[in-house]
Amino acid sequence: EYEGDRDGEGQRHGFGKARLPNGDTYEGQYEHGLRSGHGTYRFKNGALYTGNYLQNKKHGKGVFFYPDGSKYAGDWVHDQRQGYGEYLYANGDTYTGEWANNKRHGQGTYVYKETGSKYVGCWVNGIQNGPAELIHLNHRFKGRFLNGKPLGRGKFIFDIGCEQHGEYIQPVQEKEEEDEDEPPLPLEPIWKVSEITKLTPWSPHDEE
């Protein structure tokens with residue numbers, strides 16, 4: 001069902017309201033039959049998008065409310081979260097930063113609601129990867145991440161005014177003969193301390 005403006009050829013054009021066969025509804029701008037310009041799209045499952053469209057795709061600035069209570073506000077390109085945006089997750093965590101192909105990608109800050117900790121740094125395809133800082137309530141870690149885990153040189157900076165330098169080392173897997181069917185769980189990187197100093201300006205970018 002559609003009620004609204006049309007062009008000379010009878011195509012939806014201008015402002016209109018539509019109910020789609022699947023129960024979704026759209027209210028907003030059309031250009032020659034396609035959703036283009038600003039509009040609000042309500043999904044039957046309770047999700048809602050309000051923002052800009054280009055030729056039926058979310059494109060430009062827009063806010064998407066997901067059925068689980070999470071929400072994304074930011075840039076879209078061809079229906080994908082892309083550019084800069086803020087995502088509020090259902091558990092209360094937030095991510096603010098760069099996106100590509102619907103994933104956290106580039107520079108961004110992720111805040112863990114439960115602990116108050118935050119990760120400030122690089123992301124690749126949704127995973128923490130590259131130089132970053134992990135900030136906790138009374139100390140922080142500065143170093144590099146690989147596949148979501150700290151790896152290599154870094155330092156812990158404590159609010160009392162000292163630093164612990166060292167590196168995260170990836171332990172080698174011990175082979176066990178019996179369970180060959182199950183792939184071993186990757187071991188957590190181990191922190192090895194090299195020295196404790198007063199505050200220094202070292203950063204993970206220094207080595208690049």
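Start at 1 with the first residue, then count along the sequence.
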Trainee: Would you please test I157 and L199 for side-chain contact (heavy atoms from CB on, under 4.5 Å) and show each step?
Mentor: CA-CA 7 Å; I157 304 157; L199 300 179; 3.7 Å; yes
Trainee: Restricting to non-hydrogen atoms, name the atom on P189 and the atom on P171 that form the minimum distance, rounded to 0.1 Å.
Mentor: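 Shortest heavy-atom separation between P189 and P171 comes out as CA-CD, 3.9 Å.
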Trainee: side-chain hydrogen bond (donor to acceptor under 3.5 Å, both in side chains): which pairs involve residues 81-91, sequence neighbours left out?
Mentor: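 side-chain hydrogen bond (donor to acceptor under 3.5 Å, both in side chains) check on residues 81-91 returns Y66-R81, S70-Y87, Y89-R104, N91-D93.
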Trainee: Name all residues meeting the salt bridge (Lys or Arg N to Asp or Glu O under 4.0 Å) criterion together with K149; count only those two or more places apart in sequence or in a different chain, and write none if there are none.
Mentor: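 In terms of salt bridge (Lys or Arg N to Asp or Glu O under 4.0 Å), with neighbours along the sequence ignored, K149 is linked to E188.
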Trainee: Tell me if the aromatic rings of Y26 and Y53 count as close, with their centers under 6.0 Å from one another.
Mentor: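 That pair passes the under 6.0 Å test.
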Trainee: Side-chain heavy atoms under 4.5 angstrom apart, residues restricted to Ile, Leu, Val, Met, Phe, Trp, Tyr: same cluster for V193 and I160?
Mentor: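 Looking at the clustering, I160 is in the same group as V193.
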Trainee: What distance do R140 atom CZ and K118 atom NZ have between them, rounded to the nearest 0.5 Å?
Mentor: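 So the CZ of R140 and the NZ of K118 are separated by 11.0 Å.
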Trainee: Measuring from R153:CZ to I169:CD1, what's the distance to the nearest 0.5 Å?
Mentor: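 Rounded to the nearest 0.5 Å, the CZ-CD1 separation comes to 12.5 Å.
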Trainee: Calculate, to the nearest 0.5 Å, the distance between atoms CG and CD belonging to N102 and Q80 respectively.
Mentor: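 It is 4.0 Å, given to the nearest 0.5 Å.
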Trainee: Once rounded to the nearest 0.5 Å, what's the spacing between atom CG of N52 and atom CH2 of W76?
Mentor: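 Interatomic distance, N52 CG to W76 CH2, rounded to 0.5 Å: 12.0 Å.
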Trainee: So that I can tick it off, tell me whether K61 and D75 are bridged by a salt bridge, with the cut-off set at under 4.0 angstrom between side-chain N and carboxylate O.
Mentor: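 Counted as a salt bridge, because a side-chain N and a carboxylate O are separated by less than 4.0 Å.
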Trainee: Is Q29 close to R35 at the side-chain level, that is, under 4.5 Å between some pair of heavy atoms?
Mentor: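 They are not in contact (no side-chain heavy atoms under 4.5 Å apart), so the answer is no.
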Trainee: For a quick test of reading the model, state the closest non-hydrogen atom pair linking V172 to L187 and the distance between them.
Mentor: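 Minimum heavy-atom contact is O-CD1, 3.9 Å.
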Trainee: Please determine whether side-chain contact (heavy atoms from CB on, under 4.5 Å) holds for the pair N125 and H105, giving the CA-CA distance in whole Å, both sets of side-chain angles, and the decisive distance to 0.1 Å.
Mentor: CA-CA 5 Å; N125 284 327; H105 189 86; 4.0 Å; yes
Trainee: For the ring pair F65 and F43, is the centre-to-centre distance below 6.0 Å?
Mentor: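 For F65 and F43, the ring centres are not under 6.0 Å apart.
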Trainee: Could you tell me whether a side-chain N or O of S36 sits under 3.5 Å from a main-chain N or O of Q55, the two making a donor and an acceptor?
Mentor: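 Side chain of S36 to backbone of Q55, a donor-acceptor pair under 3.5 Å: yes, one is there.
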Trainee: Test of understanding: with ring pair (Phe, Tyr, Trp, His ring centres under 6.0 Å), list the residues that count as partners of H59, not counting sequence neighbours.
Mentor: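 For H59, the residues satisfying ring pair (Phe, Tyr, Trp, His ring centres under 6.0 Å) (neighbours in sequence not counted) are H78.
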Trainee: Find the distance between CZ (R19) and NZ (K44) and round it off to the nearest 0.5 Å.
Mentor: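 Here the interatomic distance stands at 10.0 Å.
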Trainee: Apply side-chain contact (heavy atoms from CB on, under 4.5 Å) to Y49 and R42, showing your working.
Mentor: CA-CA 7 Å; Y49 171 79; R42 293 170 195 276; over 6 Å; no
Trainee: If the plane angle is over 60° it's perpendicular, under 30° parallel, otherwise tilted; pick one for F141 and F156.
Mentor: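 Taking F156 first and then F141, their aromatic rings sit tilted (interplane angle of 30° to 60°).
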Trainee: Using 30° and 60° as the class limits, which term best fits the ring planes of Y30 and Y2: parallel, tilted or perpendicular?
Mentor: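 Y30 vs Y2 ring planes: perpendicular.
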Trainee: Which atom names give the shortest non-hydrogen contact between Q107 and W123, and what distance separates them?
Mentor: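 Closest pair (atom of Q107, atom of W123, distance): C-CD1, 4.4 Å.
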Trainee: Is the backbone N or O of K103 less than 3.5 Å from a side-chain atom of N101, with the two atoms forming a donor-acceptor pair by type?
Mentor: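 Looks like no, no N/O pair under 3.5 Å.
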Trainee: Do any pairs count as a side-chain hydrogen bond (donor to acceptor under 3.5 Å, both in side chains) and have a residue in residues 157-171, sequence neighbours left out, and if so which ones?
Mentor: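 Qualifying pairs, neighbours excluded: K155-E163, E163-H165, E163-T200, Q164-W191, H165-T197.
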Trainee: Measuring from C122:SG to N129:CG, what's the distance to the nearest 0.5 Å?
Mentor: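 C122 atom SG to N129 atom CG measures 8.5 Å (nearest 0.5 Å).
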Trainee: Taking the six-membered ring for Trp and the single ring otherwise, decide whether the centroids of Y119 and F145 are under 6.0 Å apart.
Mentor: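 Distance test on ring centres: under 6.0 Å, yes.
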Trainee: With side-chain contact (heavy atoms from CB on, under 4.5 Å) as the criterion, how do D7 and E9 come out once you've worked through the C-alpha distance, each side chain's angles and the decisive distance to 0.1 Å?
Mentor: CA-CA 5 Å; D7 61 12; E9 288 161 10; 3.8 Å; yes
Trainee: Could you tell me which residues satisfy side chain to side chain donor-acceptor pair (under 3.5 Å) with H136, sequence neighbours excluded, listed by chain and number?
Mentor: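 With neighbours one apart ignored, the set is S117.
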Trainee: Are H13 and D5 close enough that a side-chain donor and a side-chain acceptor fall under 3.5 Å?
Mentor: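 No, no side-chain donor-acceptor contact under 3.5 Å.
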Trainee: Has the side chain of E133 got a donor or acceptor atom that lies under 3.5 Å from a matching backbone atom of K142?
Mentor: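 No, the answer is negative, given that no donor and acceptor are paired below the 3.5 Å cut-off.
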Trainee: For D79, check salt bridge (Lys or Arg N to Asp or Glu O under 4.0 Å) against everything at least two apart and list the hits.
Mentor: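 K58.
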Trainee: Is there a side-chain contact between Y41 and L48, using heavy atoms and a 4.5 Å cut-off?
Mentor: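 In short, these two side chains do not touch, never coming nearer than 4.5 Å.
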